[in-house]
Amino acid sequence: MFNSELVDSVPPEGRGVGDVPQEFTLFPHMTIEENVAYGLKVRNILHVEVARRVKELLEIMGIYELCKRYHRDLSGGEKQRVAIARALAINPKVLLLDEPLSNLDPRTGKYLREWLRYIVKKLSITTIWVTHKVEDIEELNCKVDVMLDGALEQVGHYYDILSSLINDKVSKFLSLTNIFVCDVVSLKGSFAEVNVNGLRIIVPYNGGKISKIVIHPHGIVVSKEKSWTFAVNNYNGVFRRSCE
Amino acid sequence: MADTDNSLVDSWEVIVRARLFPEYLFLPFLEVILTAFLLAENGILWKYLAASLLRVLTGLALGSITGIGLGILMSYREKVHRALHPIFSLLMPIPILGWLHLFVLWIGINEALPILLIFICSFFPVLYNTISGIRSADRSYVEIARSLVASERRTFLDIVIPLALQNIITGMRLEAGMAWRTIVATEMIAISVGIGFLLINSQYLLRVDVIMVCLGVLAIMSLLFERMLLWVERKSTKWR
């Protein structure tokens with residue numbers, strides 16, 4: 001359903017979806033500007049208008065200077081920007097990003113994740129980001145639909161999902177390893193104090209029953225010095241060994 | 001290239017001076033060049049070359065156009081492919097000159113005969129290279145073009161054909177040389193104007209110099225066709 005309209009009977013090309021495939025799939029025989037212009041050219045839009053739109057998009061993507069190159073001359077990140085510009089050129093109702101960072105090295109992926117988030121906000125376009133990576137979900141900080149084996153398992157904000165996991169399948173998918181059974185000690189507004197094997201931990205609370213908590217590995221900071229952050233849960237411990 | 005030319009002329013002169021063959025069977029290089037100039041000056045070389053060239057070009061053009069057209073049809077219509085593929089698979093391995101005697105009886109000895117043989121010579125490779133080129137064009141490009149609302153016709157012209165072009169031109173390039181071999185053989189047997197005829201006639205007249213000129217012209221023409229199509233192939237697939 002797009003804009004309250006059923007699209008089941010509409011062929012994929014008629015749904016107004018800007019598709020950015022996993023492999024980017026840039027037309028290899030076209031230059032970058034020809035790739036971006038293609039969707040406009042097949043709509044018989046005036047040449048001047050096509051050129052203006054292509055320039056505008058490539059400038060937004062920060063790759064205008066590459067417009068005469070072929071895709072073989074681009075890096076993974078640049079290819080992805082072209083694929084997004086091509087998808088956006090046709091003014092889609094929805095932008096579909098199919099695992100956009102899966103073909104990039106982690107460093108480029110991290111940079112592009114931030115950049116994509118910025119672009120999507122700037123252009124105010126509804127975006128569906130398909131991913132298997134928890135880092136994407138975590139950093140995008142948006143509404144998440146967890147789909148497993150073709151079935152929609154859980155819907156909500158990432159942190160809401162973490163605090164109300166429906167089943168083990170979802171927690172396994174989200175690679176949530178540090179899941180502990182707990183008892184609620186006290187409720188203080190939007191926080192709850194819980195007891196995990198004798199350790200008192202403050203957790204966010206948005207109503208409902210708390211029976212398990214998740215401590216995400218990324219959320220744990222080990223330091224020799226006293227922490228000067230505003231972290232709520234601080235504990236002293238003995239350093240035994242490090243693991244690779 | 002210049003080194004190759006020099007070594008060819010050097011080897012040629014060594015063979016001549018060593019008197020490995022009688023002089024009337026293996027002439028000095030300069031005499032062959034002189035004969036080439038004489039044949040060019042009196043117009044015989046151009047007349048015979050033009051006749052052969054026209055046949056080759058016509059046969060290649062017709063064979064390539066039909067091969068590309070049918071190749072497209074067979075790639076997109078499975079029924080057509082299933083109907084024609086068994087027949088073509090059976091006909092393709094027949095040596096080109098094997099058809100000659102049948103065609104002499106069917107259509108007689110005229111201009112259509114060498115053109116038909118060159119048509120067959122270029123048709124099959126271009127047909128199958130077109131089919132394999134279209135089939136090897138990645139479907140994901142087609143799907144993306146369709147998602148950008150390109151019509152089936154636009155997708156075919158803008159995406160499939162450019163991606164299949166290298167295969168198609170490679171087929172034409174490989175068969176250009178074969179077309180020259182075919183035309184010479186046909187003209188030797190059945191046609192009275194052309195480089196092939198000049199060759200067989202020179203054999204009867206013991207004109208080794210003319211035979212050598214003809215062989216040189218054939219080598220140059222085959223090379224020229226090959227290089228021209230290679231240039232077209234590179235130009236049309238510069239993105240690779």
Side-chain angles (χ1 to χ4, degrees), chain A residues 7 10-45 50 53-54 57 68-74 79-80 82-99 103 128, chain B residues 64 67-69 71-72 75-78 126 128-173 228-240:
Chain A
V7 291
V10 181
E13 60 269 23
R15 292 177 186 174
V17 176
D19 186 10
V20 181
Q22 195 175 349
E23 309 284 338
F24 315 135
T25 321
L26 300 180
F27 302 130
H29 57 294
M30 294 184 192
T31 61
I32 298 319
E33 64 180 351
E34 286 168 344
N35 260 283
V36 178
Y38 189 68
L40 300 169
K41 274 163 87 177
V42 296
R43 285 171 168 78
N44 296 321
I45 291 171
V50 172
R53 179 88 175 125
V54 170
L57 280 165
K68 299 288 179 199
R69 291 195 191 172
Y70 286 95
H71 94 301
R72 57 156 196 239
D73 304 323
L74 304 185
K79 282 179 193 171
Q80 192 195 54
V82 179
I84 293 169
R86 182 179 62 184
L88 288 172
I90 58 167
N91 284 324
K93 293 174 193 162
V94 177
L95 182 64
L96 175 64
L97 305 174
D98 184 6
E99 299 201 46
N103 283 320
I128 300 171
Chain B
S64 301
I68 293 170
I72 291 168
S75 305
Y76 277 83
R77 298 282 175 267
E78 192 51 39
V126 173
Y128 281 104
N129 272 37
T130 302
I131 294 173
S132 82
I134 289 175
R135 291 196 169 164
S136 66
D138 197 330
R139 295 302 301 168
S140 56
Y141 295 122
V142 173
E143 281 163 20
I144 280 290
R146 300 288 288 148
S147 82
L148 294 169
V149 202
S151 63
E152 205 170 332
R153 188 179 143 271
R154 286 294 306 248
T155 307
F156 174 73
L157 292 175
D158 298 340
I159 310 296
V160 178
I161 285 294
L163 293 176
L165 208 56
Q166 189 175 27
N167 271 37
I168 297 171
I169 298 175
T170 304
M172 290 168 71
R173 188 160 61 85
M228 270 169 51
L229 285 163
L230 189 65
W231 180 81
V232 173
E233 186 183 318
R234 283 192 185 146
K235 275 277 165 196
S236 59
T237 56
K238 61 181 177 186
W239 47 273
R240 280 193 192 266

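Per chain, numbering begins at 1; letters A, B, ... match sequence-line order. If you're wondering where the values come from, they're calculated on a predicted model, not measured in any experiment.
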Completion exercise
Turns out that what part of B:Asp138 lies under 4.5 Å from chain A's heavy atoms comes down to neither
Problem - Portion of B:Leu163 that has a non-hydrogen atom of chain A nearer than 4.5 angstrom - result: side chain
State the [atom1]-[atom2] distance between [X] and [Y], to the nearest 0.5 angstrom.
{"X": "A:His29", "Y": "B:Ile159", "atom1": "NE2", "atom2": "CD1", "value": "4.5 Å"}
{"X": "A:Phe24", "Y": "B:Ile144", "atom1": "CZ", "atom2": "CD1", "value": "12.0 Å"}
{"X": "A:Arg86", "Y": "B:Ser147", "atom1": "CZ", "atom2": "OG", "value": "7.5 Å"}

Counting neighbours of [atom1] on [X] that are heavy atoms of other residues, nucleotides or ligands and sit closer than 6.0 Å, is the number greater than 12?
{"X": "B:Arg139", "atom1": "CZ", "answer": "no"}
{"X": "A:Arg43", "atom1": "CZ", "answer": "yes"}
{"X": "B:Arg135", "atom1": "CZ", "answer": "yes"}

Least distance between heavy atoms, [X] atom then [Y] atom:
{"X": "A:Val42", "Y": "B:Leu148", "result": "CG2-O, 3.5 Å"}
{"X": "B:Trp239", "Y": "A:Pro28", "result": "CB-O, 3.2 Å"}
{"X": "B:Arg154", "Y": "A:Lys41", "result": "NH1-O, 3.9 Å"}

Practice task
Name the region of A:Leu40, side chain, backbone, both or neither, that has any atom closer than 4.5 Å to a heavy atom of chain B.
Solution key: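 For A:Leu40, no heavy atom lies under 4.5 Å from chain B.
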Handout entry: Residue A:Asn44 versus chain B: region with a heavy atom under 4.5 Å
Key =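 Side chain only.
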